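Since the structure comes first, as structure tokens, the remarks are kept for the end.
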Number of protein chains: 2
Amino acid sequence: MSETLLSARNLAFELYEVLDAEALTQRPRFAEHNRETFDAALNTARTIAEKYFAPHNRKGDEHEPRYENGEALLIPEVKPAVDAFLEAGFLNATRDFEAGGMQLPTLLSQACFAHFQAANAGTTAYPFLTMGAANLIESFGSDEQKRLFLQPMIEGRFFGTMALTEPHAGSSLADIRTRAEPAADGSYRLRGNKIFISGGDHPLSENIVHMVLAKLPDAPPGVKGISLFIVPKFLVNADGSLGPRNDVLLAGLFHKMGWRGTTSTALNFGDNGQCVGYLVGKPHQGLACMFQMMNEARIGVGMGAVMLGYAGYLYSLDYARQRPQGRLPDNKDPATAAVPIISHTDVKRMLLTQKAYVEGAFDLGLYTARLFDETQSGETEVQRQQAHELLDLLTPIVKSWPSEFCLKANELAIQILGGHGYTREYPVEQYYRDNRLNPIHEGTHGIQSLDLLGRKLAQNGGAGLKQLVRLIAGTCEQARAFASLDHLRTPLEQLQIRLQSVTLGLLGDLAQGQVNLALANSALYLKAFGHCVIGWRWLQQAIHAEQGLALGNPADHDFYQGKLQAARYFLTWEVPGCHNELALLEARDDTCLSMRDEWF
Amino acid sequence: MSETLLSARNLAFELYEVLDAEALTQRPRFAEHNRETFDAALNTARTIAEKYFAPHNRKGDEHEPRYENGEALLIPEVKPAVDAFLEAGFLNATRDFEAGGMQLPTLLSQACFAHFQAANAGTTAYPFLTMGAANLIESFGSDEQKRLFLQPMIEGRFFGTMALTEPHAGSSLADIRTRAEPAADGSYRLRGNKIFISGGDHPLSENIVHMVLAKLPDAPPGVKGISLFIVPKFLVNADGSLGPRNDVLLAGLFHKMGWRGTTSTALNFGDNGQCVGYLVGKPHQGLACMFQMMNEARIGVGMGAVMLGYAGYLYSLDYARQRPQGRLPDNKDPATAAVPIISHTDVKRMLLTQKAYVEGAFDLGLYTARLFDETQSGETEVQRQQAHELLDLLTPIVKSWPSEFCLKANELAIQILGGHGYTREYPVEQYYRDNRLNPIHEGTHGIQSLDLLGRKLAQNGGAGLKQLVRLIAGTCEQARAFASLDHLRTPLEQLQIRLQSVTLGLLGDLAQGQVNLALANSALYLKAFGHCVIGWRWLQQAIHAEQGLALGNPADHDFYQGKLQAARYFLTWEVPGCHNELALLEARDDTCLSMRDEWF
């Protein structure tokens with residue numbers, strides 16, 4: 001098998017044809033970069049992912065972390081992998097050169113990171129969580145906190161976690177009960193229990209920095225009373241040396257369906273009343289801090305879902321090419337040789353569906369990473385603001401769409417391998433199990449749908465939505481130059497026009513306080529909106545494929561034909577199906593809303 | 001939790017309201033039965049399933065069979081469970097009284113069996129496979145074979161397997177290579193390798209009777225050259241006592257994603273040239289024998305998929321009722337108490353979807369079991385023949401629809417439990433993993449779609465299809481008596497009319513030899529046809545619910561309202577979506593057919 005993590009040709013298509021990554025090198029921040037430095041970083045990522053991450057992906061699944069004497073133990077392969085990742089600088093890929101970073105665009109950082117996500121979701125989670133925690137401190141921490149906690153994280157000596165969820169509250173952060181009492185020295189004493197804390201314990205780093213949500217004594221009720229704290233596993237002395245163990249207890253490990261390489265922990269803070277924490281940012285502003293860095297994290301989660309889908313797609317594609325079985329329906333002669341199963345139309349359907357889902361979501365993930373760069377290094381304040389608005393709108397999509405549809409891709413990969421796919425002797429069933437987490441963590445699917453419909457659409461007077469409509473119209477306009485794309489453009493336009501009308505209607509209902517009915521079918525809305533976005537991205541890819549074909553390079557012919565066929569699949573098979581969702585939304589259907597507990 | 005396996009009220013609704021099981025007791029064969037004897041059997045099944053099967057469901061998953069010294073070892077809980085099943089007589093539920101059976105209708109036997117399937121798919125597979133093997137010998141074996149092999153199976157001393165799949169051939173039985181050479185004594189010597197043989201070894205019985213497909217030396221090529229053989233693990237002497245070990249080697253165990261309680265084995269037949277087998281039925285008629293008993297087996301597989309979905313539905317329903325979390329969208333006051341998550345509309349959507357899938361498929365499974373009874377005990381030859389034709393047509397649906405949609409139900413059950421659902425501390429993730437086998441074994445989803453479109457529709461001059469059309473029209477006619485059902489009937493009629501037109505078009509294409517294009521989108525056809533069938537069954541259920549409501553029993557009010565709401569969900573949310581599939585079929589869309597290997 002030539003490629004197992006992702007298609008390098010497709011990655012180059014995205015970076016250099018669709019998203020014009022090279023244009024970023026015109027900006028002062030990225031002036032020292034060029035396509036060669038980008039490719040060098042990508043090659044390093046692929047090499048390390050293949051050499052250190054992929055080989056123990058199954059082993060990490062089979063030998064999940066063990067709880068022993070209050071510590072979580074991992075298989076020995078994890079640390080060398082994470083160390084190689086750190087040494088190559090990927091933890092700080094986007095940081096300034098002077099802070100020890102590579103000063104890469106987020107677009108490139110995400111593309112590099114994608115290789116690790118495809119190779120080994122479980123091991124990759126440790127640096128991923130550390131990056132998130134470090135970004136939080138970088139954005140909101142004091143200078144002292146940066147010196148004591150961020151700097152060792154940048155150096156790879158401390159790792160990080162996000163500690164939000166509590167047993168009784170789940171997604172409902174308004175109801176968290178962890179308390180933080182001020183202490184005489186300006187620090188706080190925390191008390192409470194957190195669950196599902198990924199990377200909450202492990203032997204990979206000198207220290208673990210938990211970013212903990214908790215409530216101060218004077219906290220107003222609900223989400224407006226949540227504050228953010230640094231709670232290290234080991235206290236850190238003023239000179240940066242490690243002090244005694246903090247009062248954070250590893251209460252136990254969760255045993256998951258998949259993603260088993262990552263410890264999922266129950267942590268008790270302050271069982272002995274001695275849990276020291278440090279307030280990050282202002283009191284009661286903890287959730288706002290979390291959300292400000294959530295965009296990047298949710299792109300990361302979405303990309304994780306994409307890459308598990310991608311790995312399964314490539315594996316099943318290779319299998320379908322190698323495996324001879326059966327004959328085509330019009331051949332009844334059993335004396336003829338069996339054909340590779342990729343010749344069977346239904347297998348092609350399952351591969352084409354996977355390709356459409358995976359490459360569509362991959363494009364969206366990188367597109368939003370590019371948008372993130374625009375929010376940071378866009379040339380004008382207006383451009384940065386616009387990028388921010390659009391990114392806010394697309395965040396629930398880039399998190400949820402891959403989580404749903406690249407999971408479906410994994411299901412199809414299993415099906416292509418048949419009985420073999422169902423065994424743990426092949427990797428595809430693990431991809432499914434690993435990916436099943438993604439519609440749950442970092443905001444469930446249901447929460448994403450409410451975030452989109454109940455919050456993001458109307459944000460800033462609908463500025464993000466207006467931009468998206470303009471962008472889709474622009475892509476459709478561009479597509480008109482190619483008569484061959486008419487049959488792809490038309491279904492997108494039809495979906496978009498009707499979706500726009502549904503959207504205005506629902507926003508009107510919300511504005512008039514019809515909240516419960518307007519939000520009742522948010523799942524349908526999420527599906528239709530997501531398909532519209534991915535359909536748009538596929539039309540954009542198809543335009544670039546037509547442009548590429550026009551160059552007439554024979555080596556690229558098949559690649560572009562494949563792009564056009566996958567675009568055709570998505571826009572003519574999947575997009576028209578969304579009119580069913582839109583009809584139900586138009587009717588303000590209340591089948592689910594009016595269902596009663598006692599009727600089940 | 002009051003009920004964990006299935007809803008007794010729903011089962012009674014199916015048996016005594018929808019399917020009129022009591023009418024069967026008018027037939028001579030079932031004259032000694034009545035509702036009380038039926039219910040007694042069902043209660044026994046539930047009791048044994050709850051007491052012996054359910055408690056080790058997780059343990060069987062965690063401690064999968066071990067290979068040791070050429071044998072497969074199981075956890076100790078399996079044998080007492082299987083023994084209790086045998087002692088209660090469920091292996092022979094449908095057999096004649098005089099053969100030691102209960103002489104129950106298949107409808108009741110399936111309903112009893114459903115409890116075991118919900119409680120523990122892994123353990124239940126052993127008697128299930130034995131029933132299939134026994135039925136084969138009963139239908140096609142010689143008197144001597146019945147005496148030596150069937151009788152001990154009926155007595156529960158010998159277990160059975162189906163040994164079809166070979167490593168190189170997979171689903172393509174035409175290409176099997178296992179050979180059977182005639183020996184001087186009238187028996188045969190087999191040589192070949194089989195994989196994925198469920199129950200291929202275990203310590204539960206004195207002997208294991210493998211039903212093996214192999215080719216005779218003079219076999220014509222392809223499926224017309226396949227013969228069926230009995231190959232026992234231990235040879236059996238003429239007096240019925242066990243002889244020496246046969247030359248059947250347990251080459252290894254497969255390690256599966258789920259369904260781990262059942263051994264999945266690789267078996268080598270005749271490594272030492274000494275593998276004794278006995279021809280069952282006529283030479284080269286093996287596949288026909290297999291298919292004749294396949295109807296019943298495929299109902300069983302479909303019901304297995306239903307019951308895993310059912311168990312997950314009931315668990316997630318109970319969880320949603322117990323778990324307080326969050327507030328409704330129009331309540332912004334965090335000081336108010338959290339509501340049970342069943343109050344959230346999106347959770348109701350996930351429960352209602354599960355209910356629609358699970359109870360719709362449960363109805364179809366029992367309906368086809370009832371049809372099976374008609375094929376056996378129908379009053380006239382014409383009735384029996386008609387039942388056979390309809391059952392043949394519905395078999396790919398009853399096998400594939402639950403495998404796809406009750407698997408989706410399991411995915412939703414996980415989602416309702418959120419992070420908890422993803423852990424192995426809760427049962428729902430195992431239900432998904434167990435159920436993931438069902439679209440693969442006993443004929444993959446793709447094979448079912450080709451069986452339906454390429455074979456079953458046109459069989460007997462389309463007699464089964466004509467009956468189905470008549471039955472759906474009859475249900476719609478019946479529904480016209482209830483104005484309240486108009487909005488459910490209309491989408492079914494619209495789907496059915498368009499499906500009928502698509503069907504005639506595709507059959508015309510097939511008749512004209514346009515085989516590859518006509519079959520290219522068989523997966524779309526299977527979806528639309530399956531939804532039409534389930535939509536029909538839901539309308540039928542809705543009629544009975546309206547009739548039940550009219551009786552005015554307050555204790556039943558909620559139950560019938562739930563039925564009507566689930567019918568509404570399925571017919572107004574799901575059925576209209578099939579027009580997308582039908583439009584693609586009408587257009588003879590060739591997106592998948594025209595995709596090329598080199599374009600991926």
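Numbers restart at 1 for each chain; the letters A, B, ... are given by sequence-line order, proteins then strands. From a predicted model like this one, the values you see are computed outputs, not experimental measurements.
Of the two parts of A/Glu64, only the side chain, counted from C-beta on, holds a non-hydrogen atom closer than 4.5 Å to a non-hydrogen atom of chain B. Looking at A/Ile414, both its backbone and its side chain come within 4.5 Å of chain B, counting heavy atoms on both sides. Only the side chain of A/Leu407 comes within contact range of chain B, with heavy atoms under 4.5 Å apart. Within the 4.5 angstrom heavy-atom criterion, atoms from both the backbone and the side chain of A/Glu411 approach chain B. Residue B/Tyr426: no heavy atom, backbone or side chain, is found under 4.5 Å from chain A. If you measure heavy-atom distances from B/Leu593 to chain A, the contacts under 4.5 Å come from both the backbone and the side chain. Only the side chain of B/Leu519 comes within contact range of chain A, judged by heavy atoms closer than 4.5 Å. For A/Thr353, no part sits under 4.5 Å from any heavy atom of chain B, backbone or side chain. Of the two parts of B/Leu352, the backbone and the side chain both hold a non-hydrogen atom closer than 4.5 Å to a non-hydrogen atom of chain A. In this structure, chain A has no heavy atom under 4.5 Å from any part of B/Pro220. Contact annotation for B/His420: both backbone and side-chain heavy atoms come within less than 4.5 Å of a heavy atom of chain A. There is no contact between B/Tyr560 and chain A, counting heavy-atom distances below 4.5 Å.
Comparing A/Arg327, A/Glu581, A/Lys224, A/Lys563 by heavy-atom pairs within less than 4.5 Å of chain B, the highest count is held by A/Arg327. Interface remark: of the candidates A/Glu359, A/Glu425, A/Lys355, A/Met350, A/Glu425 forms the most heavy-atom pairs closer than 4.5 Å to chain B. Ranked by heavy-atom pairs shorter than 4.5 Å toward chain B, the options A/His445, A/Arg433, A/Arg323 are led by A/Arg323. Your options are B/Gly222, B/Ser343, B/Gly258, B/Ala566, and the one with the most heavy-atom pairs under 4.5 Å with chain A is B/Gly258. Per-residue counts of heavy-atom pairs under 4.5 Å with chain B were compared for A/Leu173, A/Leu450, A/Val515, A/Asp597; the largest is that of A/Asp597. Among the candidates B/Thr345, B/Leu328, B/Thr572, the residue making the largest number of heavy-atom pairs closer than 4.5 Å to chain A is B/Thr345. Taking chain B as the reference chain and counting heavy-atom pairs below 4.5 Å, the highest number among A/Ser264, A/Gly418, A/Gly446 is found for A/Gly418. Of the listed residues (B/His168, B/Arg596, B/Gln514, B/Gln415), the one with the most heavy-atom contacts under 4.5 Å to chain A is B/Gln415.
Using a 30° and 60° split on the angle between ring planes, A/Phe196 and A/Phe254 fall in the tilted class, from 30° to 60°.
With sequence neighbours left out, B/Asp558 forms a side chain to side chain donor-acceptor pair (under 3.5 Å) with no residue at all.
A salt bridge is absent between B/Glu166 and B/Lys215: the closest approach of a Lys/Arg side-chain nitrogen to an acidic carboxylate oxygen does not fall below 4.0 angstrom.
Aromatic ring centroids of B/Trp259 and B/His441 lie under 6.0 Å apart.
Residues from residues 329-337 of chain B that place a non-hydrogen atom less than 4.5 Å from a non-hydrogen atom of chain A comprise B/Pro329, B/Asp330, B/Pro334, given in numerical order.
A cation-pi contact, defined as under 6.0 Å to the ring centre and within 45° of the axis, is absent between A/Arg260 and B/Tyr422.
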